[in-house]
K.L.:
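Got a structure here, written out as structure tokens. Questions coming.
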Number of protein chains: 2
Amino acid sequence: MSDAKGIRILVVEDERPMRRFLSTTLAAREFVVVEAENLREARIAATAHPPEIILLDLGLPDGDGLDFTRELREWSRIPLIVLSARGREEDKVAALDAGADDYLTKPFGVNELMARIRVALRHGAAQEGGNVSEVLEIGPLRLDRVRREVLISGTLVTLTPIEYRLLLLLAHNAGRVLTHRQILKEVWGPNYVHQIHTLRVFMALLRRKVEPDPSRPRLLLTEMGVGYRMRDLWE
Amino acid sequence: MSDAKGIRILVVEDERPMRRFLSTTLAAREFVVVEAENLREARIAATAHPPEIILLDLGLPDGDGLDFTRELREWSRIPLIVLSARGREEDKVAALDAGADDYLTKPFGVNELMARIRVALRHGAAQEGGNVSEVLEIGPLRLDRVRREVLISGTLVTLTPIEYRLLLLLAHNAGRVLTHRQILKEVWGPNYVHQIHTLRVFMALLRRKVEPDPSRPRLLLTEMGVGYRMRDLWE
DNA sequence: AAAAGAGATCAAAAAATCATCAAAGACGGA
DNA sequence: TCCGTCTTTGATGATTTTTTGATCTCTTTT
């Protein structure tokens with residue numbers, strides 16, 4: 001557990017003894033602890049210099065912790081663990097659905113807390129993978145994410161919003177197969193996961209704009225029965 | 001909560017009443033439930049057609065659930081929630097550190113379980129593919145689960161969906177004999193367990209694509225009267 | 001050595017899945 | 001509101017995959 005070195009953790013807790021206990025415990029494990037004793041402070045701390053994980057006590061003096069959770073989730077996926085004295089099932093459900101990643105009922109064991117923090121950090125770390133630069137280059141394709149421009153072997157092609165997002169998603173995952181379901185969920189939203197036909201139409205449109213010979217695709221490959229993939233190996 | 005439509009969930013639980021309870025509860029919420037009553041079944045079920053989330057009871061008859069968790073984490077990040085009667089802190093820590101995403105102590109409320117499933121799915125959805133880039137290598141066979149690519153001594157072979165799932169299932173259980181029944185259930189679904197002929201046809205197709213000399217198989221071995229097995233020892 | 005059971009293989013029919021064009025519907029800006 | 005653009009839906013033919021049927025091989029048993 002010494003690998004917490006330097007990880008910023010925000011502790012939102014109004015009772016001083018509890019706050020101190022958490023702080024010293026966490027500091028001993030080499031976290032960098034930021035304290036907040038109410039929502040106002042928590043908001044400031046979370047925004048000014050976002051921590052890598054948040055521990056949130058419900059029942060704060062100046063507002064509802066669930067509101068804070070919902071607010072946070074509008075702009076961030078920072079892992080958040082709720083610590084609460086309330087152990088009723090409906091409290092847990094409410095907190096988890098508000099966007100919390102875990103819920104611990106007081107009193108809890110330190111070891112369990114630490115284990116759950118590790119889990120939350122694991123999730124956080126898993127999401128950061130895609131550190132892609134501003135321009136993607138795959139074979140003859142050149143994709144400028146800042147200017148939202150697409151060049152195919154040097155010449156500019158104009159794409160509609162959906163075409164662009166579709167191409168971007170595939171380029172971002174070049175080489176790996178994306179299922180129809182994944183693509184639809186990502187590009188159209190979770191309610192469209194069954195509209196495979198729409199996806200097919202757009203693949204045809206994209207190919208017409210991007211492939212030299214749309215009937216013999218070299219970049220946008222179909223994986224029969226599964227989905228699509230962008231080729232990433234070029235000799 | 002009706003947006004669970006079609007989401008595959010694997011329930012690993014040896015006690016029948018509990019298993020039935022979970023199944024009906026989840027089915028009512030439009031999950032597609034896959035059941036396993038021991039680790040052997042769980043391993044098989046998790047491979048050929050991976051579920052989107054797993055519920056795992058510890059204390060199964062044929063092995064330690066934590067070993068299963070660790071095994072799973074070698075090739076996949078499928079969300080996994082442990083359900084256990086053991087409520088001691090050290091049990092929780094052990095499970096979470098083995099790779100579980102959450103830990104519920106029995107008895108638990110259905111609503112809490114559902115809320116925690118939603119959280120787990122949220123995490124799963126957040127990270128694109130869900131699969132760790134881990135390649136399986138068995139003799140001349142090289143199997144990349146992320147790219148969904150199969151190489152046989154260096155050259156790429158293209159497989160149809162069923163061929164791929166079949167090969168994947170065998171590869172994941174290399175060295176172990178799988179009965180016709182098990183294979184059919186996992187690759188084709190529970191309604192096909194008697195269609196042995198179909199399985200034979202596909203084994204022939206696979207061998208033709210994967211074996212140097214299909215009539216003298218070195219990788220995909222027949223276990224007369226029982227099923228098939230992938231060879232796992234190579235000099 | 002014949003018969004029976006289990007397995008392999010080839011060819012076809014049947015069923016899914018895909019690509020494409022065209023038309024209808026939705027949306028946004030003049 | 002009208003028009004042009006973008007998105008969705010419908011219909012059709014082509015392609016690929018899966019299933020089924022028939023035949024042949026191998027092994028074991030009697």
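This is a predicted model, so every value here is computed, not measured. Reminder, nothing fancy here: chain letters follow the sequence lines and each chain counts from 1.
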K.L.:
With 3.5 Å as the limit, what N/O pairs link the protein to nucleotides 28-30 of chain C?
P.N.:
none

K.L.:
Do any of residues 174-192 of chain B sit with a heavy atom less than 4.0 Å from DNA chain C, and if so which?
P.N.:
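Those residues whose heavy atoms fall under 4.0 Å from DNA chain C, taken from residues 174-192 of chain B in numerical order, are B:H180.
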K.L.:
Between B:I117, B:V32, B:I54, B:V34, which is the residue that forms a side chain to side chain contact (heavy atoms under 4.5 Å, CB included) with B:I9?
P.N.:
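Filter result, single survivor: B:I117.
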K.L.:
Can you measure B:E223 atom CD to D:dT28 atom P for me and round it to whole angstrom units?
P.N.:
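B:E223 atom CD is separated from D:dT28 atom P by 13 Å.
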K.L.:
Select base, sugar-phosphate, or nothing to describe what B:E163 touches, counting heavy atoms under 4.0 Å on all strands.
P.N.:
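It contacts nothing in the nucleic acid.
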K.L.:
With respect to B:Q182, which candidate in B:R176, B:R40, B:E41 satisfies the side chain to side chain contact (heavy atoms under 4.5 Å, CB included) definition?
P.N.:
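Running side chain to side chain contact (heavy atoms under 4.5 Å, CB included) over B:R176, B:R40, B:E41 with B:Q182 returns exactly one hit, B:R40.
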K.L.:
Look at all strands and tell whether A:I162 reaches a base, only sugar-phosphate, or nothing, counting heavy atoms closer than 4.0 Å.
P.N.:
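Sugar-phosphate, backbone atoms only, no base.
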K.L.:
Scan the side chains in residues 215-224 of chain B for donor-acceptor partners under 3.5 Å anywhere in the protein, sequence neighbours excluded, and list what turns up.
P.N.:
unit_1: B:S215; atom_1: OG; unit_2: B:D213; atom_2: OD1; d: 2.8
unit_1: B:R216; atom_1: NH1; unit_2: B:D213; atom_2: OD2; d: 2.4
unit_1: B:T222; atom_1: OG1; unit_2: B:R207; atom_2: NH2; d: 2.7
unit_1: B:E223; atom_1: OE2; unit_2: B:R229; atom_2: NE; d: 2.7
unit_1: B:E223; atom_1: OE2; unit_2: B:R229; atom_2: NH2; d: 3.1

K.L.:
At less than 4.0 Å, is any side-chain N or O atom of A:Q195 found next to OP1 or OP2 of D:dT9? Yes or no.
P.N.:
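Affirmative; the distance criterion is met.
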K.L.:
Which residues satisfy the side chain to side chain contact (heavy atoms under 4.5 Å, CB included) test with B:N111, sequence neighbours excluded?
P.N.:
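A:E89, A:V93, B:R29.
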K.L.:
Over how many whole Å does the gap from A:L220 atom CG to C:dA19 atom P extend?
P.N.:
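Atom CG in A:L220 sits about 11 Å away from atom P in C:dA19.
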K.L.:
Donor-acceptor pair, distance only, cut-off 3.5 Å: does the side chain of B:R43 make one with the backbone of B:F68?
P.N.:
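Absent.
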K.L.:
For A:R216 and D:dA14, give me the distance from atom CZ to atom P, rounded to whole Å.
P.N.:
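Rounding to the nearest Å, CZ of A:R216 and P of D:dA14 are 16 Å apart.
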K.L.:
Any ring-ring contact (aromatic ring centres under 6.0 Å, His included) involving residues 216-235 of chain A? Give me the pairs, sequence neighbours left out, ordered by first then second residue.
P.N.:
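ring-ring contact (aromatic ring centres under 6.0 Å, His included) check on residues 216-235 of chain A returns A:H180-A:Y228.
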K.L.:
Between protein and nucleotides 9-12 of chain C, what N or O pairs are separated by less than 3.5 Å?
P.N.:
unit_1: C:dC10; atom_1: OP2; unit_2: B:R208; atom_2: NH1; d: 3.2

K.L.:
Report the distance from atom CG of A:L205 to atom P of D:dT8, rounded to the nearest whole Å.
P.N.:
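Answer to the nearest Å: 11 Å.
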K.L.:
Over all strands shown, is A:Y164 touching base, sugar-phosphate only, or nothing at heavy-atom distances under 4.0 angstrom?
P.N.:
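Result for A:Y164 = nothing.
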K.L.:
Between P on D:dT5 and CG on A:L159, what's the gap in Å once rounded to a whole number?
P.N.:
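So the CG-P distance, A:L159 to D:dT5, works out to 16 Å.
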K.L.:
For the side chain of B:R147 and the backbone of B:E149, is there at least one donor-acceptor N/O pair under 3.5 Å apart?
P.N.:
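Not a single qualifying donor-acceptor pair exists.
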K.L.:
In a check of salt bridge (Lys or Arg N to Asp or Glu O under 4.0 Å) between A:E163 and each of A:R148, A:K209, A:R208, which one passes?
P.N.:
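Result for salt bridge (Lys or Arg N to Asp or Glu O under 4.0 Å) with A:E163: A:K209.
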K.L.:
Given D:dT16, D:dC6, D:dT8, which nucleotide is nearest the side-chain atoms of A:P161?
P.N.:
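Comparing D:dT16, D:dC6, D:dT8 against the side chain of A:P161, the answer is D:dC6.
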K.L.:
Can you tell me if the side-chain N/O atoms of A:Y228 get under 4.0 Å from OP1 or OP2 in C:dT17?
P.N.:
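Checking A:Y228 against C:dT17: no side-chain N or O falls below 4.0 Å of OP1 or OP2.
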K.L.:
Would you check if there is a donor-acceptor pair between the side chains of A:D101 and A:H123 at a distance under 3.5 Å?
P.N.:
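No, no side-chain donor-acceptor contact under 3.5 Å.
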K.L.:
Atom CG of A:L166 and atom P of D:dC6: how far apart are they, to the nearest Å?
P.N.:
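About 15 Å, once rounded to whole Å.
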K.L.:
For A:I196 and C:dA19, give me the distance from atom CD1 to atom C1', rounded to whole Å.
P.N.:
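After rounding, the gap between these two atoms is 14 Å.
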K.L.:
For B:E186 and B:T47, which I'm curious about, is there any donor-acceptor pair between the side chains at under 3.5 Å?
P.N.:
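The criterion, which ignores hydrogens and geometry beyond distance, is not satisfied for B:T47 and B:E186.
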K.L.:
How long is the line joining CD of B:E211 and P of C:dA8, in whole Å?
P.N.:
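It works out to 11 Å between those atoms.
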K.L.:
Show the numbers, then the answer: is there a side-chain contact (heavy atoms from CB on, under 4.5 Å) between B:L143 and B:H172?
P.N.:
CA-CA 10 Å; B:L143 216 155; B:H172 252 275; over 6 Å; no
K.L.:
Under 3.5 Å, is there a donor-acceptor pair between the side chain of A:S76 and the main chain of A:L72?
P.N.:
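Here the side-chain-to-backbone pair does not exist.
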K.L.:
OP1 or OP2 of D:dT5 sitting under 4.0 Å from any side-chain N/O of A:T160?
P.N.:
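Negative; the distance criterion is not met.
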